[in-house]
There are 2 protein chains.
Amino acid sequence: MARPRSSSRTVEHPAMAEVSLQQVLDALVDPVRRAVVSQLARADEDISCGTFDVSVSRSTLTHHFNVLREAGVIRQYYVGTTKMNTLRTDEMEGRFPGLLSALVAASAPETGVSAR
Amino acid sequence: MARPRSSSRTVEHPAMAEVSLQQVLDALVDPVRRAVVSQLARADEDISCGTFDVSVSRSTLTHHFNVLREAGVIRQYYVGTTKMNTLRTDEMEGRFPGLLSALVAASAPETGVSAR
DNA sequence: GTCGGCATTCGACGGGCGTCGTACTATGAC
DNA sequence: GTCATAGTACGACGCCCGTCGAATGCCGAC
């Protein structure tokens with residue numbers, strides 16, 4: 001029991017073997033998307049789409065999430081009307097070892113984690 | 001002695017501290033430029049501009065080299081009329097640890113190194 | 001049922017970048 | 001000197017992608 005109510009809409013995710021390096025780089029070259037990834041990497045819990053700190057419109061944000069998901073970078077699932085997001089850290093590590101972690105590490109200083 | 005004759009034209013290179021992650025990613029997201037980097041990573045010696053195995057025109061190739069150099073990824077120097085290229089591997093490792101190596105490793109399968 | 005909030009879809013717009021050909025410069029061989 | 005070769009500079013073209021607003025769909029609360 002304790003079924004996670006609202007198994008409503010499901011989201012399609014690519015198998016890791018399917019995603020190409022080009023896709024991942026195309027996804028991570030955009031600063032907005034990299035900001036999303038950074039915030040996910042630093043978060044303790046999954047984050048809903050609407051609570052990200054980015055300066056684009058809702059529709060643009062949806063677009064970015066699609067790109068990230070289709071590149072295998074994030075996993076998404078619905079909880080009620082809100083959509084939650086997680087990094088597919090381990091899977092990415094298996095597919096492209098060291099890539100995502102290096103990128104997150106390199107992004108960290110940019111997002112103001114450095115001196116505080 | 002044994003001065004490498006023709007210290008003629010010199011090339012400007014950015015200091016590593018100057019290059020941004022965005023620059024590096026912009027540089028490495030292009031498949032042609034990544035092919036250049038891969039070939040450099042696999043080469044035992046420095047390679048002249050004209051001997052790369054890419055399918056773009058000479059002028060386009062020049063453009064790609066400029067982008068890579070300005071992103072701090074490669075170092076260039078003239079030898080006579082030919083221009084040689086090297087990866088700034090160690091410096092990049094210092095600036096963005098693990099990034100370039102992860103990328104080269106991920107690119108390797110694409111460039112046909114896998115089964116031979 | 002109605003309402004409100006969260007996210008998506010669609011079409012349109014604009015800018016940036018990869019591409020090319022041509023003209024040009026610079027070096028080395030002769 | 002002439003010539004050939006290596007690479008550069010410049011301008012033009014086309015396409016892809018990030019951006020937005022408005023309209024729509026979906027779900028939960030009431």
Side-chain angles (χ1 to χ4, degrees), chain A residues 3-13 20 22-37 40 46-71 73-86, chain B residues 3-13 20 22-37 39-40 45-71 73-86:
Chain A
R3 259 278 252 67
R5 70 265 210 34
S6 95
S7 55
S8 43
R9 290 173 279 185
T10 54
V11 189
E12 290 291 320
H13 293 86
S20 66
Q22 189 62 56
Q23 265 182 295
V24 176
L25 290 181
D26 281 336
L28 295 177
V29 78
D30 184 282
V32 176
R33 290 194 285 264
R34 226 166 40 245
V36 167
V37 170
L40 275 176
D46 301 356
I47 309 182
S48 74
C49 285
T51 58
F52 280 86
D53 181 22
V54 292
S55 51
V56 291
S57 70
R58 280 221 186 289
S59 51
T60 302
L61 193 51
T62 296
H63 165 66
H64 287 313
F65 281 123
N66 287 339
V67 174
L68 285 171
R69 189 185 64 245
E70 286 161 16
V73 179
I74 65 171
R75 184 174 297 279
Q76 301 190 289
Y77 57 95
Y78 278 99
V79 174
T81 81
T82 76
K83 203 175 198 174
M84 304 302 289
N85 304 272
T86 335
Chain B
R3 259 279 251 64
R5 73 265 210 30
S6 94
S7 55
S8 43
R9 288 173 280 185
T10 54
V11 189
E12 290 291 321
H13 293 86
S20 66
Q22 189 63 54
Q23 265 182 294
V24 176
L25 289 182
D26 281 336
L28 294 176
V29 77
D30 184 282
V32 175
R33 290 194 284 265
R34 224 163 44 243
V36 167
V37 170
Q39 294 177 39
L40 275 176
E45 320 168 326
D46 300 356
I47 309 182
S48 74
C49 285
T51 59
F52 278 86
D53 182 23
V54 291
S55 51
V56 290
S57 71
R58 281 216 187 289
S59 51
T60 302
L61 193 50
T62 296
H63 165 66
H64 286 312
F65 281 122
N66 287 339
V67 174
L68 285 172
R69 189 186 62 246
E70 286 162 14
V73 178
I74 64 172
R75 185 173 296 280
Q76 302 188 289
Y77 58 96
Y78 278 100
V79 175
T81 80
T82 76
K83 203 176 198 174
M84 306 300 291
N85 304 272
T86 334

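To find a chain, count down the sequence lines: A is the first, B the second, and so on, and within it residues start at 1.
To the nearest angstrom, C1' of D/dC15 lies 14 Å from CG of B/D30. One interatomic measurement links the two molecules: CZ of A/R69 to P of C/dA7, which rounds to 13 Å at whole-angstrom precision. Atoms CD (A/Q22) and C1' (D/dC16) sit 13 Å apart, rounded to a whole Å. Rounded to whole Å, the distance from CG on B/L25 to P on C/dC17 is 14 Å. One interatomic measurement links the two molecules: OH of B/Y78 to P of C/dT25, which rounds to 14 Å at whole-angstrom precision. Distance A/Y77 OH to C/dC6 P: 17 Å, rounded to the nearest Å. One interatomic measurement links the two molecules: CD1 of B/I47 to P of D/dA6, which rounds to 16 Å at whole-angstrom precision.
With sequence neighbours left out, B/R33 forms a salt bridge (Lys or Arg N to Asp or Glu O under 4.0 Å) with no residue at all.
If you take CD on A/Q76 and CG on A/N85, they are separated by 4.5 Å, rounding to the nearest 0.5 Å. From B/H64, atom NE2 reaches atom OG of B/S59 across 9.5 Å, with rounding to the nearest 0.5 Å. From A/I74, atom CD1 reaches atom CG of A/N66 across 8.5 Å, with rounding to the nearest 0.5 Å. To the nearest 0.5 Å, atoms OG1 (A/T62) and NZ (A/K83) are separated by 7.5 Å.
Screening B/V67, B/T60, B/V37, B/V54 against B/V32 for a side-chain contact (heavy atoms from CB on, under 4.5 Å) leaves a single residue, B/V54.
Among the atoms of the strands shown, none is found under 4.0 Å from any heavy atom of A/D26.
For the strand DNA chain D, secondary-structure stems (runs of at least three Watson-Crick or G-U pairs, all distances below 3.5 Å) span C:1-30 with D:1-30.
A heavy-atom distance below 4.0 Å to DNA chain D is reached by these residues of residues 58-68 of chain B, ordered by number: B/S59, B/T62.
In this structure, the nucleotide among C/dC20, D/dT19, D/dG7 sitting nearest to the side chain of B/S57 is C/dC20.
Judged by distance alone, the side chain of B/Q22 and the main-chain N or O of A/V29 form a donor-acceptor pair under 3.5 Å. Counting only distance, with no hydrogens or angles, the side chain of B/R69 and the backbone of B/H13 share no donor-acceptor pair below 3.5 Å. Side chain of B/Q39 to main chain of B/F52: no donor-acceptor pair is present (N/O by atom type, distance under 3.5 Å, no hydrogens or angles).
The phosphate of D/dC27 has neither OP1 nor OP2 within less than 4.0 Å of any side-chain N or O from A/T81. In terms of phosphate contacts, A/K83 brings a side-chain nitrogen or oxygen within less than 4.0 Å of OP1 or OP2 of C/dT8. Residue B/R9 places none of its side-chain N or O atoms closer than 4.0 Å to OP1 or OP2 of C/dT25.
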